[in-house]
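Just below is one structure, and these are the notes that go with it.
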Amino acid sequence: MGIGTPQLLLVAVALVFSIAAADSPAVSFSFNFSNPSTYNQEADLKFEGDATPPRDGLVNLTCSMVGCKGRMSYAQPVHLYDNATTVVASFSTRFTFAIIRSDRCKGDGMAFFLASYPSVLPPSSSGGSLGLIAGPAADGKTTALGADRFIAVEFDTYNNSFDPKGSNDHIGIDISSVQMSINTTLLPNFSLHGIMTADITFDNRTRMLVASLWWLDDKNDPSPTKPVQVSTQLPEIQTLLPPEVAVGFSAATGSCRELHQIMSWTFNSTLARIHKERNKIPGLLGGLIIGGVVALALALWFLLSCWKWKRVLNFFRKGTAGARRFEYHDLATATKNFSDVYKLGEGAFGKVYRGYLQELHRDVAVKKIVKELNVGHKDFFSEVTTISEARHKNLVKFYGWCIRGHSWNILHFLCGWCWSMEKKELFLVYELMKNGNLHEYLHESKVTEVQSWRTRYKIAKDIGSALFYLHHDCKPCILHRDIKPCNILLDENFNAKLADFGLSRIAKTTVVGTVEGYVLTTAAGPIDYMDPQCKKHGKVRIDCPSDVYSFGIVLLEITCTGKSREQICGLYRSKGDVVKAADTRLEFGGDSERRKMERVIVLGLLCSAFETRDRPTMQQAMDVLERNAPLPDHNFITNSALASSDHDASSASVANI
Ligand SMILES: *[C@@H]1O[C@H](CO)[C@@H](O)[C@H](O)[C@H]1NC(C)=O
Ligand SMILES: *[C@@H]1O[C@H](CO)[C@@H](O)[C@H](O)[C@H]1NC(C)=O
Ligand SMILES: *[C@@H]1O[C@H](CO)[C@@H](O)[C@H](O)[C@H]1NC(C)=O
Ligand SMILES: *[C@@H]1O[C@H](CO)[C@@H](O)[C@H](O)[C@H]1NC(C)=O
Ligand SMILES: *[C@@H]1O[C@H](CO)[C@@H](O)[C@H](O)[C@H]1NC(C)=O
Ligand SMILES: *[C@@H]1O[C@H](CO)[C@@H](O)[C@H](O)[C@H]1NC(C)=O
Ligand SMILES: *[C@@H]1O[C@H](CO)[C@@H](O)[C@H](O)[C@H]1NC(C)=O
Ligand SMILES: *[C@@H]1O[C@H](CO)[C@@H](O)[C@H](O)[C@H]1NC(C)=O
């Protein structure tokens, strides 16, 4: 599954890249301007000067006026030779064109050219310059240099002073000069007229550039007349042009008017092979670079996985401060294979079993968490570490854990990101609390001798001091997130200890709403211990005041078992005696205990204030409970009671009395 996926993906991408780099298509095109589907005017063709895009099956290179010049060229560069390997392309082109004069005055002609890419129509190149070269300079310089160089086959209709004598019309081969053609072939006067077809070929072995021209006769007889030719052996082409060239047509008129029109054009070159040769080295280089990047990424990935793996191994071998890993086998033995007889109860995250753990020589409670776990995830380690490092006499002692179904091999970490959510069984081993939880004690217990106010007050103080420790003594502070009587356990001497803190973050619970991780425990009753502020915006944002809120509700539950906060609050607001709300089973003696009870109830109301800012801190709460400090200002309970109780009514369930 996961191991190869990203790797294969990268390799595939690299392959596609190198194939694309090495296999550029050959330059071969065939445009028939009568047939718009054969060309893409924007992508294939460039028009300069007076040249106009194709219409009515033809391209006008010049206008119908004197002194015109224009060019049409292929919009893409054509590779003529490879500078590194000196391999030269062979090419061939054929085009059908027309030269139309309107009177006996005619000129100047047109040409097929190869020039530097991109094509640039030279300035003042009308007339005899045929749009190929900037007009004769003052110094008489007639040869183009550098980027202005060109090779052209000219179809000249005007007898300039520099043209061969004997006729107006001739075809010729020009190398960077229109004045000094390499070879020319004279044609009958006025014969470069009407529709003609030309073939121009270049052979890279012989270096022969051959131009052939023939006419369709007046009746458009498709059988061509014997073509006329002009040819030359070019010098080394590397000395003539850059490796990439523009190919196309240019034309110009001088003092006479003449139309130069292209009807169709095909061009082929052996560039595919040239291209391949040319790209062999960059392709190889690109492949190497991409390969290197892939290798680097893989190495990094591997290192990260190893690091993560080592961390997990360390964690599981050595354990964290004070807590350790147990073998599943030992836990199964201790709980008689998690038999129902040994089941203590069922909590929000799974079942709890009791058992005697040989290794510890003591009774333990084993919590089997069946939720989806985030094993391997950062949060998992930090939470297990948090749980094992928090030590307080009023926190249930955490001995260690066990994860079943894990096989920590490097493969799992190599594909860690697709695997970490896999379902695992987690076991948490705690000290066994003989007297169960506070909820049972308050609601189900038949134990009558402990219905004394003194015991309940002690429980309140125990829980308070555990919370005080978590909030104020732990750095960074630890939130319990799930304070409720079910999570308050009692030992044989009725010392209360907080259990289950941090669990909501180990197991992947979506704590939104109240069900997951909050009210799931056995018969949690109608009282909601969750801070209404947490639920207000649809997402849970638990902070210290949220724990304080839950603590406040627990205080009310301890004193006024079964009554809702709003009932007690109502009694308080109507200046009634809040102690009347107290659990009727409660045994207390004397005014001092009665006064304490009243203070605990008011403190419970304060802690569970609707507004976060009205709640005391655990420090202030403990000052009241342990050091007899005066209660913090609680006038707001009377003043803002109505608003609060509205909110309370909507968010807290109503208790049955
Ligand atoms: C161009 O297309 C027209 C119409 O489709 C056709 O008659 C003509 O022969 C074609 N020319 C070339 C050179 O293929
Ligand atoms: C070419 O030029 C001639 C003369 O100006 C004009 O009649 C014709 O419409 C032009 N054709 C295109 C395609 O521009
Ligand atoms: C071609 O290669 C030569 C040296 O081999 C170098 O001087 C020249 O600049 C190169 N030309 C181009 C257009 O890359
Ligand atoms: C000519 O082109 C062919 C491919 O068509 C190529 O194999 C050969 O090497 C080229 N010759 C030269 C001298 O560039
Ligand atoms: C270009 O190549 C195509 C296909 O190979 C061929 O049909 C066409 O005649 C060639 N054109 C020229 C001008 O050589
Ligand atoms: C060009 O041809 C015309 C006739 O067409 C002639 O009068 C003129 O002298 C010729 N010019 C040159 C330079 O040959
Ligand atoms: C072209 O015309 C000129 C005169 O205008 C004449 O001298 C010359 O011989 C003619 N050439 C051809 C090939 O007809
Ligand atoms: C000029 O071209 C003609 C026609 O192809 C050819 O016979 C002649 O040998 C060429 N002259 C030179 C000097 O290349």
Side-chain angles (χ1 to χ4, degrees), residues 24-39 41 45 47-72 78-103 106 110 112 193-209 212-216 220-224 233-241 243 245 249 251-253 256-280:
S24 300
V27 175
S28 174
F29 56 81
S30 185
F31 304 141
N32 182 344
F33 297 117
S34 301
N35 187 351
S37 69
T38 61
Y39 62 93
Q41 186 176 312
L45 296 166
F47 299 92
E48 294 170 88
D50 297 312
T52 55
R55 189 154 51 82
D56 306 329
L58 53 87
V59 169
N60 276 346
L61 292 176
T62 49
C63 55
S64 56
M65 295 197 283
V66 295
C68 286
K69 58 180 193 287
R71 276 186 177 192
M72 175 187 74
V78 169
H79 287 279
L80 193 57
Y81 62 91
D82 179 35
N83 201 28
T85 62
T86 72
V87 173
V88 178
S90 296
F91 65 84
S92 63
T93 187
R94 169 174 292 193
F95 49 95
T96 304
F97 65 106
I99 294 177
I100 296 163
R101 58 177 157 77
S102 39
D103 47 41
K106 66 196 192 73
M110 57 172 277
F112 170 80
H193 175 71
I195 298 174
M196 293 162 275
T197 299
D199 265 1
I200 296 168
T201 59
F202 175 72
D203 186 312
N204 69 354
R205 278 160 300 145
T206 60
R207 299 208 310 274
M208 285 302 294
L209 182 69
S212 315
L213 169 76
W214 62 90
W215 289 258
L216 298 179
N220 269 359
D221 187 339
S223 64
Q233 187 180 37
L234 291 177
E236 293 289 343
I237 204 151
Q238 291 93 327
T239 64
L240 304 178
L241 284 173
V245 295
F249 304 93
T253 59
C256 298
R257 295 186 291 174
E258 192 172 81
L259 284 177
H260 307 90
Q261 301 172 324
I262 309 289
M263 283 102 151
S264 68
W265 180 24
T266 68
F267 182 93
N268 293 340
S269 104
T270 56
L271 291 174
R273 264 168 283 177
I274 295 275
H275 232 91
K276 242 178 200 158
E277 294 290 311
R278 191 176 185 276
N279 276 295
K280 206 168 219 167

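What you see is a predicted model, and the numbers here were worked out from it, not measured in a lab. Whatever order the structure lists ligands and atoms in, that order sets their numbers, starting from 1.
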Discussion item. For atom 9 (O) of ligand 2, what's the nearest protein heavy-atom neighbour? Residue, atom name and distance, please.
Written reply: R55 NH2, 4.0 Å
Discussion item. Residue-level breakdown please: for N32 versus ligand 1, do any non-hydrogen atoms fall below 4.0 Å on the side chain, on the backbone, on both, or on neither?
Written reply: side chain
Discussion item. Please evaluate residues N35 and F33 with respect to the criterion side chain to side chain contact (heavy atoms under 4.5 Å, CB included), reporting the C-alpha separation (whole Å), side-chain torsions for both, the decisive distance (0.1 Å), and the verdict.
Written reply: CA-CA 5 Å; N35 187 351; F33 297 117; over 6 Å; no
Worksheet entry | Enumerated ligand 2 atoms positioned under 4.0 Å from heavy atoms of L58 | 11 (N), 13 (C)
Fill in: atom 7 (O) of ligand 1: any protein heavy atom closer than 4.0 Å
no
Worksheet item: Is it the side chain, the backbone, both or neither of V88 that has a heavy atom closer than 4.0 Å to ligand 4?
Response: both
Practice prompt. Can you sort out which atoms of ligand 4 are near V87, meaning under 4.0 Å from one of its heavy atoms?
Written response: 14 (O)
Discussion item. Whether the side chain of T93 engages the backbone of I200 through a donor-acceptor N/O pair (distance < 3.5 Å, no angle test) should be reported.
Written reply: no
Worksheet entry | Atoms in ligand 2 with a heavy atom of T52 nearer than 4.0 Å | 14 (O)
Item to complete: Determine, step by step, whether R101 and H193 satisfy the side chain to side chain contact (heavy atoms under 4.5 Å, CB included) criterion, reporting the C-alpha distance in whole Å, the side-chain angles of both residues, the deciding distance to 0.1 Å, and the verdict.
Response: CA-CA 7 Å; R101 58 177 157 77; H193 175 71; 3.9 Å; yes
Discussion item. Just to confirm my output: which protein heavy-atom neighbour is closest to atom 5 (O) of ligand 2, and how far is it?
Written reply: S64 OG, 3.3 Å
Worksheet item: Where's the contact between V59 and ligand 2, heavy-atom distance under 4.0 Å: side chain, backbone, both or neither?
Response: neither
Discussion item. Can you classify the ring geometry of F112 versus F91 as parallel (below 30°), tilted (30 to 60°) or perpendicular (above 60°)?
Written reply: tilted
Worksheet item: Got a salt bridge between K69 and E48, using NZ or NE/NH1/NH2 to carboxylate O under 4.0 Å?
Response: no
Worksheet entry | Ligand-residue contact atoms, ligand 1 with S34, heavy atoms, under 4.0 Å | 2 (O), 3 (C), 4 (C)
Practice prompt. Give a yes or no answer on whether the side chain of R94 reaches the backbone of D199 with a donor-acceptor pair at less than 3.5 Å.
Written response: no
Worksheet entry | Flag: protein heavy atom within less than 4.0 Å of atom 11 (N) of ligand 1 | yes
Worksheet item: Judged by non-hydrogen atoms, does D56 sit under 4.0 Å from ligand 2?
Response: no
Worksheet, complete the sentence: re atom 14 (O) of ligand 2, the protein heavy-atom contact at minimum distance is N60 ND2, 3.1 Å
Worksheet, complete the sentence: Check: of N204, T206, D203, min heavy-atom distance to atom 2 (O) of ligand 4 comes from N204
Worksheet entry | Enumerated ligand 2 atoms positioned under 4.0 Å from heavy atoms of L259 | 2 (O), 3 (C), 4 (C)
Discussion item. Determine whether a donor-acceptor pair (N or O, by modelled atom type, separation under 3.5 Å) exists between the side chain of N60 and the backbone of C63.
Written reply: no
Worksheet item: Hey, is the main chain of P53 close enough, under 3.5 Å, to the side chain of Q41 for a donor-acceptor pair?
Response: no
Fill in: Ligand-residue contact atoms, ligand 1 with S264, heavy atoms, under 4.0 Å
13 (C)
Item to complete: Check each of L61, T253, T62, L259 against M110 using the side chain to side chain contact (heavy atoms under 4.5 Å, CB included) test, and report the only one that passes.
Response: L61
Worksheet item: Going by the angle between their ring planes, with limits at 30° and 60°, are W265 and F267 parallel, tilted or perpendicular?
Response: perpendicular
